[in-house]
Amino acid sequence: MVDTGLLDALAQGLVTGSIIAAGAIGLSLVYSIAEVPNFAHGDMITVGAYFALVVNRPDEIALLPGLPGGAVSLVLAGLFALVAASAFGALYELAIFRRFRSKEADLITMVIVSLGLALVLRNLVLFVAGSRNISYETPVVRDVNWDLYLTGSGLTVQRTQRQAGDIALLAEWGYPLWLLLGIVAAAGAVGYGVYRWRTTDEDFRTVHLVSPRVLGVLSGLATLLALVYALRFDPQGTDALWSTRIGTSYKDIAIVVVVAVAMFLLNLVLKATRLGKGMRATADNMDLAEVRGVDVDRIQLVVWVIAGLLTALAGVLAGWSASNVNPNMGFTLLLPVFAAVILGGIRSPYGAAAGAILIGISMDVGVYLLPSGLATYRTAIAFVVLIGVLLVKPDGLWGDV
């Protein structure tokens, strides 16, 4: 039997990092533009997850009336949660934080206000829904295993799945060594070529919708996956020099894709719209932006709406991934979310996204590398990485971007 290894931990870390990224970007936006270190962000994530539960499992919320049409699918419930959490984000801004900002409240006051909001939200969820774990109503998703066997003649790939207690072989194919080297070289060449193409004649006025480095990496990965899928040869045997198993499911893939699409849409808003220019100007210098005609109050309202949307996204995906929702889930997620924001650069949403991926991977790879008895320190691993990086680069990996 093939055991899971480092590659499996990396794949799981990418999924964990994607969920953290959805929460970290909103937290970074709220701090950099609305100037609120929002300690209620974790409980906003919890509220977002429960918004989806209200329409996905209405029978589980005793204090709320049942829906006329009954329960809806998780996809529709997630969309409902995004809309409801966005409205709540606007409510937080209009009813609470704008009032304190109009009184020129300092940073410490905003911290205390956000802590108070966190307590209110958590106890409200406990009062309405109780403290027990509840699962979303979703179709059963089976894991698919990818078994890799590196032999003297090449690589064999087996796609397997556990069915009725046994491991069933779904498909099998292979790659000779010369082909493997060719695929890796072609992917590297395409990635480097795209990077050079986007950086040619670049000057200080150039604004890229997608960073050339990110575009180069994505192009290389897309080329690698396309060639791996298209150039499948006969299996190269299973008498392996090295073997490993990567466990995936359609749920994991969906989580990564949904967060990637959300990040691209936010990037589009920030770089290609008038609203995004106003947000960046407000983050850079609020007073100067107001003098230049930017409606700062409107910008900050939009930021809270976007943050509410992203908290709901993080909450629903975290609840779906863990197969349960409970009132403490947001607080548990808040710690790695803050670590990701600080690691990436506290005023940089792009740094927060990158920091979240690093934190997610470090947590899952750390659990894999440490003895099994230390798995409960999964979150602490994120802080060890954070402290190590900040000792070398105190303003985070990306600083203010």
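Index from 1, following the sequence.
- In this structure, CG in L148 is found 10.5 Å from CZ in R245, a value given to the nearest 0.5 Å.
- Using the six-membered ring where Trp is involved, F88 and Y92 have ring planes that are perpendicular, over 60° apart on the 30 and 60° scheme.
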Query raised in the report: Given the rule in the side chain to side chain contact (heavy atoms under 4.5 Å, CB included) test, do Y136 and V316 qualify, once you have shown the distances and angles that lead to the verdict?
Result: CA-CA 9 Å; Y136 289 127; V316 173; 4.1 Å; yes
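- R232 has its side chain within reach of Y175: a pair of non-hydrogen atoms, C-beta onward, lies under 4.5 Å apart.
- A pairwise comparison of heavy atoms in P37 and M110 identifies CD-CB, 4.3 Å as the closest pair.
- Although no hydrogens or angles enter the test, the distance criterion places no donor-acceptor pair under 3.5 Å between the side chain of R57 and the main chain of L53.
- For the residue pair G78 and A52, the shortest heavy atom distance occurs at N-CB, 4.3 Å.
- Rounding to the nearest 0.5 Å places CD1 of I387 at 10.0 Å from CD1 of I342.
- Atoms OG and CG, from S86 and L82 in turn, are 6.5 Å apart once rounded to the nearest 0.5 Å.
- Rounded to the nearest 0.5 Å, atoms CG (L169) and CD (Q161) are 11.5 Å apart.
- The line from OG1 of T16 to CG of D252 is 8.5 Å long, rounded to the nearest 0.5 Å.
- In this structure, the side chain of S32 engages the main chain of S28 through a donor-acceptor pair within 3.5 Å.
- Summarising the geometry of L310 relative to A22, their closest heavy-atom pair is CB-O, 3.3 Å, with the distance given to 0.1 Å.
- Side-chain atoms of M286 and I33, non-hydrogen and from C-beta on, never get closer than 4.5 Å to each other.
- Under the 4.5 Å side-chain criterion, counting only non-hydrogen atoms from C-beta, D297 is not in contact with L301.
- Using a 4.5 Å cut-off on side-chain heavy atoms (C-beta onward), V259 and I19 make no contact.
- Geometric assessment of K271 against the ring of Y350 yields a positive cation-pi assignment under the 6.0 Å and 45° thresholds.
- In this structure a side-chain-to-backbone donor-acceptor pair under 3.5 Å is missing from S321 to A318.
- Scanning all heavy atoms of the two residues, the minimum distance from G26 to A307 falls at O-CB, 4.0 Å.
- A 4.5 Å side-chain heavy-atom check between L268 and T273 finds every atom pair outside the cut-off.
- Of all heavy-atom pairs spanning N324 and N326, the tightest one is OD1-ND2, 3.2 Å.
- Atoms CG and OG1, on L74 and T138 in that order, are 6.5 Å from each other to the nearest 0.5 Å.
- Annotation: I108, atom CD1; neighbour count of heavy atoms from other residues, nucleotides and ligands within 6.0 Å does not exceed 12.
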**Report entry** R132 vs E60, salt bridge (Lys or Arg N to Asp or Glu O under 4.0 Å): CA-CA, chis, key distance, verdict
**Finding:** CA-CA 10 Å; R132 61 196 177 92; E60 297 289 343; 2.5 Å; yes
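- For F80, the CZ atom sits in a packed shell: over 12 heavy atoms of surrounding residues, nucleotides or ligands are nearer than 6.0 Å.
- Within 6.0 Å of atom CD in E104, 12 or fewer heavy atoms from other residues, nucleotides or ligands are found, so the atom counts as exposed in its surroundings.
- Annotation: side chain of I381 is in contact with side chain of V367 (closest heavy-atom distance under 4.5 Å).
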Requested in this report: Apply side chain to side chain contact (heavy atoms under 4.5 Å, CB included) to the pair I299 and L275, showing each step before the final yes or no.
Outcome: CA-CA 7 Å; I299 292 293; L275 173 65; 3.7 Å; yes
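- A 6.0 Å sphere centred on CZ of F233 holds more than 12 heavy atoms belonging to other residues, nucleotides or ligands.
- At least one side-chain heavy atom of V294 sits under 4.5 Å from a side-chain heavy atom of T282.
- D143 and S249 make their closest contact through OD1-CB, 3.4 Å (heavy atoms, listed as atom of the first residue, atom of the second, distance).
- A heavy-atom distance below 4.5 Å is found between the side chains of F264 and V210.
- There is no side-chain donor-acceptor pair under 3.5 Å between R198 and S219.
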Requested in this report: Using the side chain to side chain contact (heavy atoms under 4.5 Å, CB included) rule, take V15 and V256 through it: C-alpha gap first, then chi angles, then the decisive distance, then the call.
Outcome: CA-CA 6 Å; V15 177; V256 174; 4.1 Å; yes
**Report entry** Intermediate values then yes/no, side chain to side chain contact (heavy atoms under 4.5 Å, CB included), N38 and M44
**Finding:** CA-CA 10 Å; N38 185 22; M44 290 169 62; 3.3 Å; yes
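- Counting only N and O atoms by type, the side chains of D43 and T46 include no donor and acceptor under 3.5 Å apart.
- Under a 3.5 Å cut-off, the side chain of Q236 and the backbone N or O of D234 do form a donor-acceptor pair.
- Here the rule is side chain to side chain contact (heavy atoms under 4.5 Å, CB included) with I361, and of I359, L358, D364, I357 only I357 fits it.
- Side-chain N or O atoms of T156 include none that pairs as donor or acceptor with a backbone N or O of T238 at under 3.5 Å.
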